[in-house]
Amino acid sequence: MAIAEVDMALARLDADRSEISVNLVELEDHPGVRFLNEVPLTGVSADRWAVARVRFADIWAQFRLFESVVAEVHAVRSRRARPGQAELAELTRLLCGPSVVLAPQPIPLAERDLIGPAAVSRSMTLAQLVAQMTAAYREVVQLASTADAVASAYLPGVDRASARLLEARKLATDLQLAAIGHPVLARIDAVERRLNTDRTLAMSDPLALAQRQPDSSDPTALNREIDELQTVLEELRGRRDGVTARLTSLTGELDAAATAENEARSAAATTAAKIAGATASPLEPLAPLRDRLTHLHASDERHWTHLNDDVVALARDVDRAKTTAETARDNSLALIDRRDELRGRLDAYRAKGARLRLSEDATVDARYRRAYELLHTPPCDLAAATRALAEYQQAITEKTATR
């Protein structure tokens with residue numbers, strides 16, 4: 001190597017030495033390395049980190065060999081301002097030849113000969129040493145980064161999911177679901193067991209956890225399941241609140257049904273006095289409905305899910321009783337409305353007859369009086385009054401046609 005080449009190679013080695021030193025120190029302080037060194041590892045993590053720790057220690061030992069050779073290069077280069085051929089040859093050997101002598105490695109007993117060595121030494125160039133150190137460094141970095149991802153992202157995710165699951169369990173307790181053995185509780189227990197398993201695995205075998213393919217134990221999947229659990233629980237809470245509100249409102253609904261029945265009876269009585277043959281429509285008895293409501297209010301020991309069916313059934317029956325009463329009232333009033341309609345039509349025909357000067361006609365007048373008496377004499381016979389009105393209209397039409 002020429003002097004210029006030696007100086008360039010030495011400058012590059014000095015830069016490499018500085019970068020290697022910085023990177024090794026940073027790796028030693030990496031949170032993933034600290035995590036793997038501090039937690040009691042098991043399984044895959046224990047096996048892989050045991051190997052990686054040895055390799056990390058080897059990197060430091062190899063770095064010291066690297067520094068030793070670089071220091072020797074500096075020593076030879078500094079002997080003379082312009083190195084002679086002997087120095088250049090030595091520098092070339094140090095920079096390009098197998099100048100790095102590794103620590104002897106023991107030969108397994110099964111691989112030795114009787115008169116063979118118990119250990120073997122290897123030599124390599126600085127470039128080969130750096131390549132070997134780089135490969136080992138990348139392996140340790142990959143393990144440290146994987147462990148750090150579990151510690152800094154996966155574990156907090158498990159903790160957040162656990163907090164959400166705790167809120168779901170509190171809601172299930174508030175809804176008293178244990179009293180009826182609701183299946184959502186088993187789902188909550190299953191998710192909790194999986195979260196606890198993942199937490200334990202993350203703290204003892206993070207590398208195995210990272211190797212696993214995403215499945216139902218992945219925090220994202222578990223969070224989706226917790227979302228589903230919360231949806232079910234919110235629906236149940238809505239049903240429970242609806243039962244409570246509906247039970248409270250049933251008193252008012254029963255009062256409204258009673259009012260409708262009173263109106264129906266009053267309308268029926270009025271109609272019976274004014275319309276001949278009017279009969280009251282049958283009404284739903286409200287007393288049994290009130291007894292059922294009283295029983296529901298007193299059912300403190302029954303679970304709200306069981307009350308729900310009874311409340312829904314009672315609400316349906318109360319609504320039916322109210323509708324029946326309103327229909328009966330409207331049917332009674334419709335008879336009076338029909339009578340009033342016939343009266344209005346009679347007055348209209350009377351006015352028409354007057355315009356045609358038929359009021360003095362004996363036949364027309366007699367039919368008018370017959371219709372009038374039927375419509376204005378209680379109780380009114382609607383069928384007879386309808387026929388009388390038709391006869392009165394016919395008489396007017398016939399008298400008009402003969403003129």
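Using modelled atom types, one side-chain atom of Thr244 and one backbone atom of Arg240 make a donor-acceptor pair closer than 3.5 Å. Here the side chain of Asn331 pairs a donor or acceptor atom with the backbone of Thr327 at under 3.5 angstrom. Judged by distance alone, the side chain of Arg77 and the main-chain N or O of Arg80 form a donor-acceptor pair under 3.5 Å. Panel note: side chain Asp381, backbone Ala383; a donor-acceptor pair is recorded below 3.5 Å. With hydrogens and angles ignored, the 3.5 Å screen pairs no side-chain donor or acceptor of Ser68 with any backbone N or O of Arg64. Between the side chain of Thr377 and the backbone N or O of Leu374, no donor-acceptor pair lies under 3.5 Å.
Considering only heavy atoms from C-beta on, Leu222 comes within 4.5 Å of Asp198 through its side chain. Two residues are said to be in side-chain contact when any heavy atoms from C-beta on lie closer than 4.5 Å; Arg320 and Thr324 meet this criterion. For the pair Asp340 and Arg343, the minimum side-chain heavy-atom distance is below 4.5 Å. Using a 4.5 Å heavy-atom cutoff, the side chains of Arg246 and Glu253 are in contact. In this structure, Leu254 and Leu250 have side chains that are not in contact, with every pair of non-hydrogen atoms separated by 4.5 Å or more. Between Val69 and Leu13 there is no side-chain heavy-atom pair separated by less than 4.5 Å. Side-chain contact check for Leu236 versus Leu171: every heavy-atom pair is 4.5 Å or farther apart. With a 4.5 Å cut-off on side-chain heavy atoms, Leu155 and Pro206 do not count as touching.
The number of heavy atoms from other shown groups lying within 6.0 Å of CZ (Arg122) does not exceed 12. Residue Met203 places its CE atom among 12 or fewer non-hydrogen atoms of other residues, nucleotides or ligands, all under 6.0 Å distant. Taking a 6.0 Å sphere around CZ of Arg370, one finds it holds 12 or fewer heavy atoms contributed by other residues, nucleotides or ligands. Other residues, nucleotides and ligands contribute over 12 non-hydrogen atoms within 6.0 Å of the CD atom of Glu341.
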**Message:** Working note: Asp148 + Val33, criterion side-chain contact (heavy atoms from CB on, under 4.5 Å); need CA distance, chi angles, decisive distance, verdict.
**Reply:** CA-CA 8 Å; Asp148 182 48; Val33 171; over 6 Å; no
**Item:** Intermediate values then yes/no, side-chain contact (heavy atoms from CB on, under 4.5 Å), Val51 and Asp47
**Value:** CA-CA 7 Å; Val51 174; Asp47 295 340; over 6 Å; no
**Derivation and outcome, side-chain contact (heavy atoms from CB on, under 4.5 Å), residues Gln393 and Lys352** = CA-CA 10 Å; Gln393 179 188 8; Lys352 180 179 180 181; over 6 Å; no
**Worked check of side-chain contact (heavy atoms from CB on, under 4.5 Å) between Ile336 and Arg339** = CA-CA 5 Å; Ile336 296 177; Arg339 183 205 63 181; 3.9 Å; yes
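With 3.5 Å as the limit, one finds a donor-acceptor pair spanning the side chains of Arg199 and Asn196.
In terms of the side-chain hydrogen bond (donor to acceptor under 3.5 Å, both in side chains) criterion, Arg12 has no residue partners (sequence neighbours excluded). The salt bridge (charged side-chain N to carboxylate O under 4.0 Å, His left out) test applied to Arg265 returns Glu261, not counting sequence neighbours. Residues satisfying the side chain to side chain contact (heavy atoms under 4.5 Å, CB included) test with Leu65, not counting sequence neighbours, are Val100, Leu102. For Thr42, the side chain to side chain contact (heavy atoms under 4.5 Å, CB included) partners are Ser204, Asp205, not counting sequence neighbours. With sequence neighbours excluded, the residues satisfying ring-ring contact (aromatic ring centres under 6.0 Å, His included) with Tyr368 are Tyr372, Tyr392. Every residue meeting the salt bridge (charged side-chain N to carboxylate O under 4.0 Å, His left out) condition with Arg169, not counting sequence neighbours, appears here in chain and number order: Asp189, Glu192. The side-chain hydrogen bond (donor to acceptor under 3.5 Å, both in side chains) check on Arg367 picks up nothing, with sequence neighbours excluded. In this structure, the salt bridge (charged side-chain N to carboxylate O under 4.0 Å, His left out) partners of Arg17, at least two apart in sequence or on a different chain, are Asp14. Asp337 is linked by a salt bridge (charged side-chain N to carboxylate O under 4.0 Å, His left out) to nothing, counting only residues two or more places apart in sequence or in another chain.
When every heavy atom of Ala260 is checked against every heavy atom of Lys322, the shortest pair comes out as CB-O, 4.1 Å. Shown here for Val318 and Ala257, the closest heavy-atom pair between the two residues is O-CB, 4.3 Å. For the residue pair Pro379 and Ala276, the shortest heavy atom distance occurs at CB-N, 3.5 Å. In plain terms, the two heavy atoms of Ile107 and Pro117 that are nearest each other are CD1-O, 3.5 Å. Glu87 and Val76 make their closest contact through O-CG1, 4.0 Å (heavy atoms, listed as atom of the first residue, atom of the second, distance). Listed here is the closest heavy atom pair of Leu207 and Ala147: CD2-N, 4.3 Å.
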For residues 131-144, run the donor-acceptor check on the side chains, cut-off 3.5 Å, and write out each pair with its distance to 0.1 Å, sequence neighbours left out.
unit_1: Thr134; atom_1: OG1; unit_2: Val130; atom_2: O; d: 2.7
unit_1: Glu139; atom_1: OE1; unit_2: Arg55; atom_2: NH1; d: 2.5
unit_1: Gln142; atom_1: NE2; unit_2: Thr146; atom_2: OG1; d: 3.2

Would you mind writing out the side-chain donor-acceptor pairs for residues 18-31 within the sub-3.5 Å range, not counting sequence neighbours?
unit_1: Asn23; atom_1: ND2; unit_2: Glu19; atom_2: O; d: 3.2
unit_1: Asp29; atom_1: OD1; unit_2: Arg34; atom_2: NH1; d: 3.4
unit_1: His30; atom_1: ND1; unit_2: Gly32; atom_2: N; d: 2.8

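Between Arg164 and Glu167 no salt bridge is recorded (no basic side-chain N to carboxylate O distance below 4.0 Å). With respect to Glu391 and Arg387, no salt bridge is recorded, no charged nitrogen being found less than 4.0 Å from a carboxylate O. Look at Glu234 and Arg237 and you find a salt bridge, because one of the NZ, NE, NH1 or NH2 atoms lies within 4.0 Å of a carboxylate O, short of that distance.
Going from atom CG of Leu358 over to atom CZ of Arg350 covers 10.5 Å, rounded to the nearest 0.5 Å. The CG atom of Leu289 lies 11.0 Å from the OG1 atom of Thr294; values are rounded to the nearest 0.5 Å. Interatomic distance, CG of Leu342 versus CG of Leu382, reported as 6.5 Å (0.5 Å rounding). Rounded to the nearest 0.5 Å, atoms CZ (Arg112) and CG (Leu109) are 5.0 Å apart. The CG atom of Leu333 lies 8.5 Å from the OG atom of Ser266; values are rounded to the nearest 0.5 Å. Rounded to the nearest 0.5 Å, atoms CE (Met8) and CG (Leu95) are 12.0 Å apart.
For residues 277-293, the side chain to side chain donor-acceptor pair (under 3.5 Å) pairs, not counting sequence neighbours, are Asp255-Arg290, Arg292-Asp317.
In this structure, Trp60 and Phe56 have tilted ring planes: the angle between them lies in the 30° to 60° band.
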